Structures are given as C-alpha cells and as structure tokens.
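Worksheet: one structure, shown below.
The first residue of the sequence shown is numbered 1, and numbering continues consecutively from there. If you're wondering where the values come from, they're calculated on a predicted model, not measured in any experiment.
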Amino acid sequence: MTKRLKVFIGIVVSTLILLLALWQTLPRWLPRVLSHWLPQGSQLVLQGKLHWQQGALQLDGARFLAQDCLLAAVGPSRLAYQQGRWQLVSDKLTVDTACLSKLPTSDANSTPLALDQLQKQLPLLDVTIKDLAVTPWQYYAGKLQVRSSAEGQHVQYQGPNISVDALLDQHQQLTLNVLTLAAPNSQQPLHLTGKIAIPLDLDSIPAQGALQGEMQTGYLKKPLLLDMRWQQQQGVLTLTEKGEDKPLATLPWEINPQQVSITQGEWHWPYSQQPLNGGVSIALHDWSKGFDETQISARLNVITDGHNGKGNAVLTLGPGKIGLIDSNLRFQLTGQANLADFSMTASIPGIISGTILNPTLVLQPGSLLRLWGNATPEMKLEEARLPLAGVKVTAAGITGRLQAIINASDSYWGRFKLHLDGKAQDFWPDHGNWQWRYWGNGQLPPLQAAWDVAGSGSWQDSTLILDRLSTGFDHLKYSIVTVDAPRLSLSQPLRWQRDEQAPAFNGEVQLVSGKVSFTNGGYLPAPVLSLQLQGKTPDSFQLQGKLQAEKIGPIALRGRWDGERLRGEGWWPKQSLNVFQPLISPDLNIKLRDGEFYAQSAFSAAREQGFEAGGHWVVKNGGMWLKDGEMSGLDFVMSYRLKNHLWQLGAKRPVMLRIKSFSNLFDMQNITADLQGTYPYSDPAPLTLSNVGMDALNGHISLSALRMPQHDAAVLKLDKVDLSALFTALKPKQFAMSGRVDGELPLYLNHPKWLVHNGWIANSGMLTLRLDKDMADAIGSNNLATGAAIDWLRYMEINRSQARVDLDNLGELTLKARIDGVNPQKSAKREVILNYSHQENVFQLWRSLRFGDNLQEWLEQALSKPGEQP
C-alpha cells in the first residue's frame, strides 16, 4: 500500500469517525447552532437521537421554550422523501398561546414575510400532524393535513368538534370549501363556506372576501344564515332566518390597524311575546397589539313597548379589556323594559375581571333591579326590589348578599308583603351554598284573615332545607266555622333532596289554634294537628298525622298533595258521645249523657274548587238530658258531601234519625225522620224531609213528605190521639176531655198567608167533656138563662165532633167546630148541639199552654146572651 493511499484512507476514516460523532451528539449541538436563528430568549430542545429507520429520518420529540414557558411540544416525528415529495409526519403537537407573550416583539425595520415568496420556497411537501392541540382551544383539537403543490396548499383539519377543508392557490385566494364548527355545550354546529383574498403581507388584513354560513339554533325553527362581505377595510355582517327577507341583525363593520368597530348596527327579535329591536355599537381599540392589549367599548340597547308605553334599556361596556389572564372591563345596565303586562327598571353598574375563560362579575354599590306590573292575570306585583350591590358572579356561582322585597296582591289570595335576606357562596341551583331568612305578612280574603310568616333555611348543593317556619292567622272564617289564631310551625325541618336519581321530600309540621267556633254557638276545644310529610318533591308528597282537641279524637289523617290539589281521608274513632258536649250550643240546654260516635271523611281542596268533603257520621244509642225532659235510644246515621258551600245530605241513602224515647211535655216513642237533599236548598236542589212519625198520646202522629222549597202542603196526620193523655200533659184546670181523635193539618212553610189551611180534626169514637165545677158555677151565677145552659155542658158525651182549623203566618188561629152530644145526667135523649167558633193568637196561646182560661172566657160571653140556649 502506498503512502498516499494510506493517507487517503486515514482521512476518510477520520471523516467518518467525525461524522459519526457529530451524528451521535446532534441533540447537543444542533439546538445551539439553530439558536442564532431563533427569537431571543427561546430555546429548542431535542428529545432523543436522530435515527434512520424504515427509510425515514426519525426523532423521538422536541420542545420549544419561550424563556421558561413551554410554547410548543412535538411528539415522535419522521421525515421521508418518496416519489419526489417530502413527507413530514408527527404524532402530536401541542401549542400554548399563553407563552407567545414571552417572545420578543418583532423589529419594526425587519421585512415582513411575503406570502408568495413563502409559497415559492415551499417544496413539494406533505405535512401530517395526527393530534394538534392549541391552548386554550383544546376543544377544537384534531388532525391536520397540509399538501403543498404547484397549484397551492390544500389544508384539511378534522376533529370531534371541527372540520376544515380549504385551498390556498398561487393567486393568494383562500377558498373555504367547508368549515364546520361546534360551539361548547351546543349540539348544533356552524357551517361556513366562502372565499377570502389573502394579502401578500401576512401582517395585513385581507382586502376582500365573502363568507356564507348556516347554523341550526335552539331559538329558531329554521336555520340561521350568516353572510359576511367586505371590500378593503369595510364590510357588513347579516344574520337572517332561512326563508325570511328581513335580517335579524345587520352589523356594518370597519377595520384598520388601530381599531375594529361595528357602528350603528341594528337588530330585531320578532319571536318573543312582543317584538324587540334595538341598536348595537362595538369598538376594539389597539387590537393589533394583541388580544390582551385590546381595549373594548360597546353599547347595546333594546326598545320595548308594553303597558307603560315604550321603554329603553341600555347596556354599556368599557372602555376596558378582556384578557386570557386578566380582564378589567366596566359595564352598566340602565333603563326600563316594558312587557305586555310587566315592567322593570335597572341601574346595575359592575366590573368584569379575571380570565376570559372564567371571568368574575362584581356588581357595584347602587345596583338595583325593580319590577312591577301584572305578573299573572291574577297577581299584581306592586313592587319587587332586588338590591344587588356587592354580588359576585363567576362560573362557580353567585357569592354575596341576596335580598328581595316584594309587595303584591292576588285577586284570590289577597295582598301580601315579603322580605328575603340571605348570603350565597358559589351558589347555582343545586350547587354551592345559600342561607336565607324571610319574614312577611298579608291578608287572606277567602278566609277573612290576616297572616304573618317568618323563618329561615338553606340550599346546600342539591339539598334544600327549611329549618324554621312560623306562620299564623289572627283567625280563619269559612262557611259556619271560625278558627281562633291558628299557627303552623315545624316539628322537624323540611328537607328536599333534589337529586334526579333519588329525589326525596320529608318533614313534620304542626298546626295549633285556639277554639274552633261554630255559628250555632258550639265550639271545638283548642285542636292540635300534627302531620308527617314524605314524598319526592313539594309538588308530590303524602301526608299522615292526627288531629286532637282535648278529649275529642285523635282523628287519624292521611292524604297527598300533587301541586294543585290536596286530597285526604280522616277516621274518627269510636268514642263516648259526651266528649262532644262543647260542640253543642249552650242555648240548647242539652246535656249529653251516653252513647257512641264515630265518623269517616274524605276531603279535597284546590284553589278553583275551594274545599270539598264527603263521608258519614254515626251516633249509636245516644242519650241526653234536655231542658224539660230527656232523650234516649238515639240512633243517627248521616252521609254527606260538602261542595261550593252546599251540603248534600244523604248522597246515597237518606240521613236517618231514630229515637226510642223522648220525654218533654208528653212522652213520645219510636220517633223516625229521614232527610235527603241539599242545604241551603233551592228549586233545582231541594231538601226533603220524609218518614216523619212518632207514637205519642196513645196514638200516632205522622207527617207526609215535606219538600223545601215547598210547592205542596205537607199533611200532619193525627191517628187516634188520646185526648185524656193530652189533657193530662197540659193540665188545664177549667175542663177535661177523654176519647180519641183523628185529624189532618196541611202545613205550609212559604205560603204568603197560611201556615195551616183547611185542616180538620174529628172524633174517633165517643168523646167526653167535663167542665170544672167552680168554673161552671161561676158562669151560671151571672143569670138564670146562663145557668140553665151551663148545666147541659157540665158533662157531655160527644158522639160527633168536627172542627175546621186555619192558622195564618201571623199566628192567628181560627177554629170552627160543631159538637153533637148528650148529657146523660140531664137527659139521655135530648141532643145537645154546640157550635163553637174561636180565634186566638196561637203563638201566645202555646207559650202559656193554659188555653182553658180562654175557653172559660168565651163560654161566659156566649152563654150570658139571652135567647142563645143549647
């Protein structure tokens, strides 16, 4: 081997060793070499060694840092040259835009990169990034593919929430074939197409362009069409519902390096209860300095027309800024909005601070929202005041003092005033914590009552707790009932677990009151009602409890509430009848003695229907002392329904009254009466008393069916009534009678004149009449003729008697009678005929029950007239 050859081989080997060493140490020296072309303060770090594998140059990864901030991180990548094209493939690229602020600003004297030059310098290249994520827009991460050719660059980007297909040709025109973009928390994507003229200077604004888009929203039935066109630095953005001619918004805009502005924009919204419209103006100052340095000022107004005329509400923003890290933007909402039946005014200043991704909104002193009008057709909201000063709102929730003062009146429930005061900490419904207390008062016209309320509670995440409640009325009046000072309170806190998977609502309430008075003079001693509530929501729960009023009860109760109607049932246990003594008016002078009572009832209450109830009451073998007698063997069964203040008595079978014995002026046995119908009664809904009868005076007394309102007479029938028993009960001193009589007395209750008309009484067998000796002697001593006549009447056996009876509604009784008989003590064959006519006020007569004195007076007057002898 020659010396020259050895030298050559040594050089080659040394060069190979040097190249191999440089290759192996590439991650160390290459970033240092490239640092001369990188921005100052930035650093490129290669991960692993470059290596050749499967015909491609491969790198495990790289990181690019701006000072101490990781601006970009590249995953495993490879570079290959196949079929005349370069192919660059990277598994992942992550870019953090927050690190861009760490890079130095570009030199003002440097020449900007021209797009056409950049396109000419690009080789035939295919770039694929399988997973591209740019912070803070990770929501739109996806796969990027760029294909560079002589015609231009074809860009495709595909992710779960974004899809892009665009072409940038050699004439710097970007054709957007499709852009589909889904906003966060929205299921309806935005579709865009159009063309944009890209300037050669990438720092400049596109000179012209046209974009068209379509988006389905949850607010419109038809898609929303977007059209944006511009020429040079001016353009117009319009938003139109598909198929409509008038745009929903027309936004003229202008852009220059110092400012982006929308001036005299107009909008209208025809889909609310009343059409809304207004204007909008927005300006972005110094936008070219970057997002964080952009100053924002805006004005948006809405014009309404309602029951207070036209109203104008204005929202002003700025000047201030919204940044990725820090924001400082003032705003103020002022003005009045008038809806069809409702109005509100606002003066709400505030500040938006913090990152735009999670801004903080703080309301300043003086923040106040007022509302008034007809909240519903039945409710008039006189004023609602919501002081909002100091309230802070973030994505985590509302923090601060929450207050409300409400004055309102309802056509049914009456006028009321409520106060609410509490403190919230990061609160949204079913998230965070809100503690409150409340108080108020009002009127309740349906029950003629005044009420008050006070209490406190909290809302912790999905659990709502009412831990204190005290509400009461001065009294309640409904139909024939008056309740003295009822008050409702909690025995156990009300808890509402609003979890959708396992909702729960439970608690225990107690209602106490003074006595419950009835219009008849009776009362129910201070009742106590205890109820346990258990269900899913306040609009769906069951209740169970008991009602007790001293010795009366306990009455077991159970029911359910469905949000509109309260339904329930009650069972009154069998108990001694004498515990109900307070329910009987003292004026009746009735003392309950023995017997049993039990009952069952179902009830329903709702706003429109009022209170309805139905059930039955039963009294078994009742006994009582009366003012002038006693009653025993009382059986009473009543079924009923109460609806619209009307009692339906005996809904399925008549109310039945049975009394074995009743002792007053005289004894009565086997008393019966049935009642069926409506009270208060009317022609369409009458009340009928039937099966009325009793055994009395050794005979039977009955009454035919009495219908109220009355159209036909009810006939009181006397069947073989024993006059001896009657006179024994009445104890007249002047005369006595024996024997039995029959009779029929037609009774009228609403006749314009008569109570009894064309009634009759006749003997049923032989009657006897005896005059008191002293009375007869006194009458006969007046004159001889009178004495002779009265001797025939001292004792009579009457074989025929007939009397006609009329009684008017003033109490005037007219009795015309003919009596045929004999005085066997004078002559058994000589017939005595007595025509008797009498008129008396029966109301006064029965008060005295001494009608024999009136007969004596009549006999004295009739027999003292000469020529009138029997």
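- The aromatic rings of F505 and W496 stand perpendicular to each other, their planes meeting at an angle above 60°, with 30° marking the opposite boundary.
- Counting only distance, with no hydrogens or angles, the side chain of T193 and the backbone of V178 share no donor-acceptor pair below 3.5 Å.
- The shortest distance between side-chain heavy atoms of T238 and L225 does not fall below 4.5 Å.
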- List the steps and the verdict of ring-ring contact (aromatic ring centres under 6.0 Å, His included) for Y478 and H645. CA-CA 9 Å; Y478 187 84; H645 302 280; 4.9 Å; yes

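- In summary, E244 and K242 do not engage in a salt bridge, as defined by a charged side-chain N under 4.0 Å from a carboxylate O.
- Residues P446 and Y412 meet the side-chain proximity criterion, which asks for heavy atoms closer than 4.5 Å.
- Between I465 and W459 the shortest side-chain heavy-atom distance does not fall below 4.5 Å.
- Here the side chains of W428 and I398 are in contact, with some heavy-atom distance below 4.5 Å.
- Using a distance-only test at 3.5 Å, with no hydrogens or angles considered, a donor-acceptor pair links the side chain of Y157 to the main chain of L132.
- Looking at W413, its side chain never comes within 3.5 Å of a backbone N or O of R415 through a donor-acceptor pair.
- In this structure, a donor-acceptor pair under 3.5 Å is absent between the side chains of E612 and S604.
- You'll find the ring centres of W434 and W436 inside the 6.0 Å limit.
- With D461 contributing its side chain and T463 its backbone, the two residues share no donor-acceptor pair below 3.5 Å.
- With hydrogens and angles left out, the side-chain atoms of S456 and D467 include a donor and acceptor closer than 3.5 Å.
- Side-chain contact between L466 and L490 is present, with at least one heavy-atom pair separated by less than 4.5 Å.
- Checking side-chain atoms of D474 against main-chain N and O of A450 turns up a donor-acceptor pair under 3.5 Å.
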- Could you check L276 against W267 for side chain to side chain contact (heavy atoms under 4.5 Å, CB included), going step by step and ending with a plain yes or no? CA-CA 8 Å; L276 303 176; W267 65 272; 4.1 Å; yes

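- Looking at N374, its side chain never comes within 3.5 Å of a backbone N or O of T376 through a donor-acceptor pair.
- Side chains of E254 and T263: no donor on one and acceptor on the other come within 3.5 Å.
- T399 contributes a side-chain N or O that, together with a main-chain N or O of D426, makes up a donor-acceptor pair within less than 3.5 Å.
- Surrounding CD of E500 are at most 12 heavy atoms belonging to other residues, nucleotides or ligands under 6.0 Å away.
- Crowding of R495 atom CZ: a count of heavy atoms from other residues, nucleotides or ligands under 6.0 Å not exceeding 12.
- Under the side chain to side chain donor-acceptor pair (under 3.5 Å) rule, Q208 has a single partner from R229, Q173, Q231, which is Q231.
- Annotation: E382, atom CD; neighbour count of heavy atoms from other residues, nucleotides and ligands within 6.0 Å is above 12.
- The number of heavy atoms from other shown groups lying within 6.0 Å of CD (Q212) is above 12.
- Between D165 and Q156 there is a side-chain heavy-atom pair separated by less than 4.5 Å.
- No salt bridge links R560 with D562; every basic N to acidic carboxylate O contact stays at or beyond 4.0 Å.
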Without placing hydrogens or testing angles, list every side-chain donor-acceptor pair under 3.5 Å for residues 332-351, not counting sequence neighbours.
residue: Q336; atom: NE2; partner: N338; partner atom: OD1; Å: 2.8
residue: N338; atom: OD1; partner: S343; partner atom: OG; Å: 2.9
residue: N338; atom: ND2; partner: G309; partner atom: O; Å: 2.9
residue: N338; atom: ND2; partner: K310; partner atom: O; Å: 3.4
residue: S343; atom: OG; partner: H307; partner atom: ND1; Å: 3.4
residue: S343; atom: OG; partner: N308; partner atom: ND2; Å: 3.0
residue: T345; atom: OG1; partner: R370; partner atom: NH1; Å: 3.4

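- The neighbour count for Q274 CD, taken as heavy atoms of other residues, nucleotides or ligands under 6.0 Å away, is above 12.
- Environment of CZ in R498: crowded, with over 12 heavy atoms of neighbouring residues, nucleotides or ligands closer than 6.0 Å.
- For D131 and K143, the salt-bridge test fails: no basic side-chain N is under 4.0 Å from an acidic carboxylate O.
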- Item | Candidate pair Y140 and L181, rule side chain to side chain contact (heavy atoms under 4.5 Å, CB included), full reasoning | CA-CA 9 Å; Y140 297 109; L181 192 70; 3.3 Å; yes

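- One N or O on the side chain of S367 and one on the backbone of Q364 form a donor-acceptor pair closer than 3.5 Å.
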